[in-house]
Peer 1: 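Before we start, here is the structure in question, set down as structure tokens.
These figures come from a predicted structure and were not determined experimentally.
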Amino acid sequence: LDKFGPMNYNNARKHLSISIPSSSEVTMSPHIKSVEELRVLGINLSSFNTATQFGICTAGVFLFHLLYGYLQELIFSMEGFKPFGWYLTLVQFGFYSLFGLVELQLTQDKRRRIPGKTYMIIAFLTVGTMGLSNTSLGYLNYPTQVIFKCCKLIPVMIGGIFIQGKRYNLADVSAALCMSLGLIWFTLADSKVAPNFNATGVLLISLALCADAAIGNVQEKAMKLHNGSSSEMVLYSYSIGFGYILTGLFGVGGLGPAVAFCSQHPVTTYGYAFFFSLTGYFGISFVLALIKLFGALVTVTVTTGRKAMTIILSFMFFSKPFTFQYIWSGLLVLLGIFLNVYSKNKDKMKLPSLADLRNMVLTGKKVRLLSQNV
């Protein structure tokens with residue numbers, strides 16, 4: 001009995017150590033996805049496969065952010081509103097905090113998993129991204145602002161290398177270069193057709209671009225490390241950001257004039273700001289889901305494509321000059337998007353080699369010769 005008793009005990013211990021993974025394995029592995037990771041706006045997407053989840057999240061990003069962009073340009077097209085970009089951001093952050101609180105109350109797990117210090121950093125970057133971006137519209141036209149924001153693909157890759165230690169292949173680098181060159185070409189065309197550049201606006205949107213490049217990587221790392229939910233991320237980051245902006249507006253004395261102006265036009269300011277914030281909140285929820293499922297680089301590729309569509313709709317709904325250089329630069333951006341998608345699906349998308357192309361050309365010549373002889 002003494003001989004076999006310890007053996008059974010050791011076997012039981014061995015069995016338990018194999019079947020129950022440690023907590024670090026569960027939270028750190030990006031391949032293990034809980035049901036909570038697949039919830040968007042309280043809807044459980046865990047029953048869908050990866051391709052369907054990507055399609056739903058991408059459709060949500062396009063739909064809600066296109067409406068968001070339209071309402072944003074509509075608000076800033078109002079006479080006299082351009083100096084109040086930071087106040088609009090304050091109102092937007094207030095609505096986001098309220099929406100996040102409501103959504104978090106509807107979920108079963110209401111715990112805050114991500115540390116408060118991390119949220120302080122994320123909130124600061126979020127304020128920089130959205131506040132500087134909104135304020136830049138007081139100095140730049142909307143397509144130019146969107147073009148600058150689209151150039152964050154390369155900073156996101158650089159941030160992924162330094163923050164998360166990622167390594168990107170040649171296709172990813174080529175995609176970033178194509179997209180950035182296309183967007184730069186678009187900007188040059190815009191400067192020739194309708195020059196509306198201001199040094200202050202360029203500085204503001206450039207700072208917003210740097211913050212935007214960092215925030216995706218920080219959010220991705222925090223959500224994977226602590227398994228935090230999207231509603232938790234939105235609630236704490238935007239509520240802390242609301243405090244940052246409110247303190248800043250009090251400090252510079254910019255709160256009084258903004259409140260006075262918006263009180264004179266409550267429907268076109270607070271009314272539009274509500275729907276602007278609502279569509280932005282829905283869009284942010286889908287963006288966070290994409291970050292959690294597919295990473296920051298894929299998410300930036302999707303949002304960059306959405307921004308290209310936003311520019312097209314901006315030309316359709318708001319009168320602006322047009323040049324065909326916009327088309328060629330847009331095609332170059334699409335090439336960059338294709339290269340990025342190809343780099344993520346090399347096993348499913350096999351491009352023809354040079355030898356295959358040569359054989360195709362030779363085969364085509366033979367077919368034409370035979371048809372002529374017949």
Side-chain angles (χ1 to χ4, degrees), residues 63-99 126-150 187 190-191 193-205 207-209 212 238 241-242 244-246 248-250 252-284 306-307 309-322:
L63 174 62
F64 292 113
H65 271 122
L66 288 176
L67 292 172
Y68 173 89
Y70 172 78
L71 290 170
Q72 186 182 34
E73 187 169 6
L74 186 64
I75 292 172
F76 277 94
S77 64
M78 184 172 56
E79 184 70 26
F81 188 81
K82 287 187 175 182
F84 306 122
W86 278 108
Y87 183 72
L88 174 64
T89 310
L90 177 70
V91 174
Q92 184 180 5
F93 273 51
F95 280 128
Y96 278 13
S97 302
L98 180 62
F99 298 152
T126 306
V127 169
T129 298
M130 301 181 66
L132 294 172
S133 178
N134 285 338
T135 307
S136 69
L137 283 176
Y139 304 91
L140 300 172
N141 60 58
Y142 189 74
T144 305
Q145 185 242 39
V146 174
I147 286 298
F148 270 89
K149 290 179 67 176
C150 286
T187 307
D190 191 53
S191 66
V193 176
N196 189 24
F197 288 92
N198 184 290
T200 304
V202 172
L203 177 61
L204 290 173
I205 196 61
L207 293 174
L209 181 66
D212 207 6
Y238 285 98
F242 180 87
Y244 287 162
I245 301 173
L246 185 62
L249 287 177
F250 267 122
V252 300
L255 193 61
V259 172
F261 177 85
C262 293
S263 298
Q264 297 175 359
H265 313 278
V267 176
T268 54
T269 54
Y270 294 114
Y272 287 166
F274 171 78
F275 291 105
F276 166 69
S277 302
L278 183 64
T279 54
Y281 176 80
F282 288 163
I284 284 291
R306 186 273 307 171
K307 286 168 185 154
M309 183 64 66
T310 300
I311 293 173
I312 295 174
L313 294 180
S314 178
F315 279 104
M316 292 174 60
F317 289 104
F318 299 92
S319 58
K320 295 179 181 68
F322 179 79

Peer 1: Distance check, rounded to the nearest 0.5 Å: Thr269 atom OG1 versus Met78 atom CE?
Peer 2: 5.5 Å
Peer 1: Over all heavy atoms of both residues, which pair between Ser133 and Ala208 is shortest? Give the atoms and the distance, please.
Peer 2: N-CB, 3.9 Å
Peer 1: Heavy atoms, side chains only, cut-off 4.5 Å: are Met309 and Leu66 in contact?
Peer 2: yes
Peer 1: To the nearest 0.5 Å, tell me how far Ile75 CD1 sits from Tyr270 OH.
Peer 2: 12.0 Å
Peer 1: Taking side chain as C-beta onward, heavy atoms only, is Tyr70 less than 4.5 Å from Thr279?
Peer 2: no
Peer 1: Evaluate the criterion side chain to side chain contact (heavy atoms under 4.5 Å, CB included) for residue pair Val127 and Phe93; output intermediate values, then yes/no.
Peer 2: CA-CA 9 Å; Val127 169; Phe93 273 51; 3.7 Å; yes
Peer 1: Counting distance only, does the side-chain N/O of Ser77 pair as donor-acceptor with the main-chain N or O of Leu74 below 3.5 Å?
Peer 2: yes
Peer 1: Nearest 0.5 Å, what's the CG-OH distance between Leu88 and Tyr272?
Peer 2: 13.5 Å
Peer 1: Is the shortest heavy-atom distance from the side chain of Leu246 to the side chain of Leu90 under 4.5 Å?
Peer 2: yes
Peer 1: Looking at side-chain heavy atoms only, is the closest gap between Val252 and Trp86 below 4.5 Å?
Peer 2: no
Peer 1: Just one of Phe95, Tyr244, Tyr96 clears the ring pair (Phe, Tyr, Trp, His ring centres under 6.0 Å) bar with Tyr238, so which one?
Peer 2: Tyr96
Peer 1: Would you say the side chain of Leu278 lies within less than 4.5 Å of the side chain of Phe99, judging by non-hydrogen atoms?
Peer 2: yes
Peer 1: Could you work out, with ring-ring contact (aromatic ring centres under 6.0 Å, His included) as the rule, every residue matching Phe282, not counting sequence neighbours?
Peer 2: Phe64
Peer 1: Does Ser136 use its side chain to pair, donor to acceptor, with the backbone of Ile205 at less than 3.5 Å?
Peer 2: no
Peer 1: Drop me the distance from Leu137's CG to Leu204's CG, to the nearest 0.5 angstrom.
Peer 2: 10.5 Å
Peer 1: If you round to the nearest 0.5 Å, how far is OH of Tyr87 from CD of Gln92?
Peer 2: 13.0 Å
Peer 1: Does Phe76 CZ have over 12 foreign heavy atoms under 6.0 Å away?
Peer 2: yes
Peer 1: Does the side chain of Phe275 come within less than 4.5 Å of Leu67's, by heavy atoms?
Peer 2: no
Peer 1: Looking at Phe250, I'd like to know if its CZ atom is crowded, meaning that more than 12 non-hydrogen atoms belonging to other residues, nucleotides or ligands lie closer than 6.0 Å.
Peer 2: no
Peer 1: Looking only at non-hydrogen atoms, find the nearest pair between Val259 and Ser263 and report the distance.
Peer 2: O-OG, 2.7 Å
Peer 1: Distance from Met130 atom CE to Ile284 atom CD1, nearest 0.5 Å?
Peer 2: 6.0 Å
Peer 1: How are the rings of Phe81 and Phe84 set to each other: parallel, tilted or perpendicular (split at 30° and 60°)?
Peer 2: perpendicular
Peer 1: Please report the closest heavy-atom contact between Ala273 and Val91, naming both atoms and the distance.
Peer 2: CB-CG1, 4.1 Å
